[in-house]
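Protein chains get the first letters and strands the later ones, always in sequence-line order, with residue 1 at the start of each.
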There are 2 protein chains.
Amino acid sequence: MSHPKSINYKEDEINLARYAKALGHPARIAILKFLASTDTCFCGEIVDELPIAQATVSQHLKELKNAGLIRGSIEPPKVRYCIDPENWKKSSRFFEDLFKKLI
Amino acid sequence: MSHPKSINYKEDEINLARYAKALGHPARIAILKFLASTDTCFCGEIVDELPIAQATVSQHLKELKNAGLIRGSIEPPKVRYCIDPENWKKSSRFFEDLFKKLI
DNA sequence: ATTGTTCATCGCAAATATACGATGAATATT
DNA sequence: AATATTCATCGTATATTTGCGATGAACAAT
């Protein structure tokens with residue numbers, strides 16, 4: 001792919017897009033809602049909850065982690081996941097700012 | 001692709017994911033911010049503003065339109081775009097509901 | 001030492017997204 | 001009629017995403 005015009009979006013636009021992209025799949029929305037409702041949980045609980053295979057759930061968790069929306073702490077042989085409160089608040093503010101630009 | 005477990009996400013999760021996905025690219029964030037700041041605009045103005053080709057801008061506009069976030073009205077030989085106030089409010093509420101689940 | 005549990009990662013296939021140039025459709029101007 | 005403007009769409013190339021089964025790593029329990 002070529003980029004004749006050099007791409008230079010603003011930092012905030014890139015960050016907001018990254019958060020939005022992470023939220024852009026029903027499975028990940030469901031995972032986050034589940035996480036928010038239970039405070040913390042293990043991968044296995046999500047697998048039981050959702051209609052997708054363990055490998056796929058693990059991949060979605062990885063993406064949410066990469067986006068910064070969740071965190072995982074090892075608790076052998078499991079991994080306890082929770083929402084990252086700081087980034088959660090940050091992304092909440094990002095969306096709020098975007099939407100209040102019009103309403 | 002195969003789907004051994006039948007996929008059945010909740011309606012709201014699907015809708016929120018669709019809005020989020022539409023917001024999941026810096027160019028589309030930039031387009032929406034520009035649209036919000038100018039009320040309405042033509043495709044050409046966005047092409048001047050953003051570092052991407054006309055065909056690509058048009059495609060992003062199409063995706064935003066498919067997601068329901070913007071509308072376009074023909075004004076020959078141009079198309080005037082504006083944010084869809086109703087769906088904008090709706091998606092704003094969706095995100096608000098998601099984020100307030102934790103904070 | 002062997003087995004079981006839990007989860008990440010690898011390797012693969014198919015689908016979707018991103019970007020562009022070229023072309024087409026619609027209309028206004030000459 | 002011919003030309004110019006504006007924008008959508010087509011065709012194409014490449015990258016990313018989504019999903020799965022299989023395997024591996026880490027630890028617990030036998």
B/Leu61 CG - C/dA17 P separation (whole Å): 16 Å

Name all pairs fulfilling the salt bridge (charged side-chain N to carboxylate O under 4.0 Å, His left out) condition that reach into residues 16-25 of chain B, sequence neighbours left out, sorted by first residue then second. none

A/Ile52 CD1 - D/dT17 P separation (whole Å): 16 Å

Summary of salt bridge (charged side-chain N to carboxylate O under 4.0 Å, His left out) pairs that have at least one residue in residues 50-66 of chain B, sequence neighbours excluded: B/Arg28-B/Glu63

Sorted by chain and number, sequence neighbours left out, side chain to side chain donor-acceptor pair (under 3.5 Å) with A/Gln59 holds for none

Does a nitrogen or oxygen in the side chain of A/His60 sit under 4.0 Å from OP1 or OP2 of D/dG19? yes

Give the rounded distance in Å between these two atoms: CD of B/Gln59 and C1' of C/dG21. 13 Å

Please list residues of residues 16-35 of chain B whose heavy atoms come under 4.0 Å from any atom in DNA chain D, ordered by number; otherwise none. none

Could I get the full list of side chain to side chain donor-acceptor pair (under 3.5 Å) partners for A/Asp97, not counting sequence neighbours? A/Lys100

Restricting to side chain to side chain donor-acceptor pair (under 3.5 Å), what partner residues turn up for A/Asn87, sequence neighbours left out? none

Which residues pass the side chain to side chain contact (heavy atoms under 4.5 Å, CB included) test with A/Glu49, not counting sequence neighbours? A/Phe34

Which pairs count as side chain to side chain donor-acceptor pair (under 3.5 Å) when at least one residue sits in residues 34-43 of chain A, sequence neighbours excluded? A/Thr40-A/Arg80

Geometric class of the A/Tyr9/B/His25 ring pair [parallel <30°, tilted 30-60°, perpendicular >60°]: perpendicular

Measure CD/A/Glu63 against P/C/dA17 and give the value in whole Å, please. 14 Å

Extract from the structure each pairing of a protein N or O with an N or O of nucleotides 5-7 of chain D at less than 3.5 Å, listing the distance.
unit_1 : atom_1 : unit_2  : atom_2 : d
D/dC7  : OP1    : B/Cys43 : N      : 3.4
D/dC7  : OP2    : B/Gly44 : N      : 2.9

Taken to the nearest whole Å, OH/B/Tyr9 to C1'/D/dG19 is 10 Å

